[in-house]
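Input: a single structure, listed below in structure tokens.
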Amino acid sequence: MSFLPREFYARDTVIVAKGLLGKKLVRKIGNKKISGIITETEAYRHKDDPASHAFRKKTERNRAMFEEVGRAYIYFTYGMYFCFNVVARNSKAEAGAVLIRAIHPEKGIEVMKENRKKDELKSLTDGPAKIAQAFDINKKQYGVDLTCNSELFITEGIGKRKIISSPRIGISAATENLWNFKITL
DNA sequence: CTTGGGATGGTCT
DNA sequence: GACCATCCCAAGG
């Protein structure tokens with residue numbers, strides 16, 4: 001298993017968002033292992049992106065977006081859900097992160113179903129908060145390093161696919177930026 | 001299949 | 001005090 005090096009994440013957030021498609025997200029909980037292939041991502045940048053959490057200023061909530069690349073930025077939303085992002089930006093930006101929106105489950109599908117309290121495979125990990133549920137991701141993983149072997153990390157996955165670009169989902173600002181990216185397997 | 005509303009609370013203005 | 005980078009279920013076609 002080969003980890004993605006820190007430099008992978010030290011590029012423009014939009015490039016990294018595309019680059020993460022097809023990569024593998026792995027979660028280890030005790031002796032259980034959950035993994036899947038990333039199939040949909042969204043880029044959120046800094047001062048040039050009114051839809052980004054980092055657009056206004058650094059706060060306690062979004063501080064991970066300003067800190068070391070290749071780590072997890074996790075936020076709580078709608079009073080009940082967590083969403084998982086990967087911190088990524090080049091040296092020109094002060095903040096940036098990639099939201100992981102969809103994953104194709106590989107290992108640990110039964111554990112995911114338990115975590116989600118749902119049985120349907122099709123809707124197991126096809127949304128950001130669903131991924132957090134299935135992979136048991138919450139505030140405890142805030143800031144964890146994804147470039148090395150730990151409870152949560154990213155490795156090489158499958159080969160390149162055709163990338164489809166769309167407007168990002170659930171935002172009202174900067175909809176002209178086609179920063180939602182997805183692949184089909 | 002699509003649509004609409006409710007759940008539920010941290011964060012920022 | 002309003003706003004969410006959401007999800008689920010029930011009701012209607």
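In this structure, A:Asp119 atom CG and C:dC8 atom P are separated by 13 Å, rounded to whole Å. The interatomic distance linking A:Glu42 (CD) with C:dT6 (C1') rounds to 12 Å, in whole Å. Taking atom CG of A:Asn138 as the reference point, atom C1' of B:dT8 lies 17 Å away to the nearest angstrom. Rounded to a whole Å, the OH atom of A:Tyr81 is 17 Å from the C1' atom of C:dC3. Remark: P of B:dT11 and CZ of A:Phe55 are 21 Å apart, rounded to the nearest angstrom. Rounding to whole angstrom units, OH of residue A:Tyr73 and C1' of B:dG10 are separated by 12 Å. Here B:dT11 presents its P atom at 8 Å from CD of A:Glu60, a figure rounded to the nearest Å. When the P atom of C:dA5 is taken as reference, atom CG of A:Asn62 falls 12 Å away, rounded to whole Å.
Residue A:Phe76 is classed as a sugar-phosphate contact, given heavy-atom separations below 4.0 Å to backbone atoms only. Within the 4.0 angstrom heavy-atom criterion, base atoms lie near A:Leu99. Heavy atoms of A:Arg61 sit under 4.0 angstrom from primed sugar atoms or phosphate atoms, though from no base atom. Residue contacts for A:Thr59: at a heavy-atom cut-off of 4.0 Å it reaches the sugar-phosphate backbone alone, with no base atom in range.
OP1 or OP2 of C:dC8 sits under 4.0 Å from a side-chain N or O of A:Lys130. For the pair A:Lys58 and B:dT11, the criterion of a side-chain N or O lying under 4.0 Å from OP1 or OP2 is not met. For A:Arg56 and B:dT11, the shortest distance from a side-chain N or O to OP1 or OP2 is not below 4.0 Å. Between A:Arg116 and C:dC8, a side-chain N or O to OP1/OP2 separation shorter than 4.0 Å is present.
With a 6.0 Å cutoff to the six-membered ring centre and a 45° limit on the axis angle, A:Arg71 does not count as a cation-pi contact of A:Tyr73.
Checked by atom type and distance alone, the side chain of A:Arg6 pairs as donor or acceptor with a backbone atom of A:Val69 at under 3.5 Å.
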So A:Gln133 and A:Asn115, side chain to side chain donor-acceptor pair (under 3.5 Å) or not? Walk me through it.
-> CA-CA 6 Å; A:Gln133 281 183 354; A:Asn115 290 342; over 6 Å; no
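Atom NZ of A:Lys107 sits in a sparse spot, with 12 or fewer heavy atoms from other residues, nucleotides or ligands closer than 6.0 Å.
Salt bridge annotation for A:Asp126-A:Lys122: absent, with no cationic side-chain nitrogen under 4.0 angstrom from a carboxylate oxygen.
Remark: ring of A:Tyr78 stacked against base of C:dC4; centroid gap under 5.5 Å, plane tilt under 30°.
Out of C:dA5, C:dT6, B:dT11, the shortest distance to the side chain of A:Lys139 is found at B:dT11.
Remark: B:dT8 base-pairs with no nucleotide; criterion is Watson-Crick or G-U wobble with both hydrogen-bond distances under 3.5 Å.
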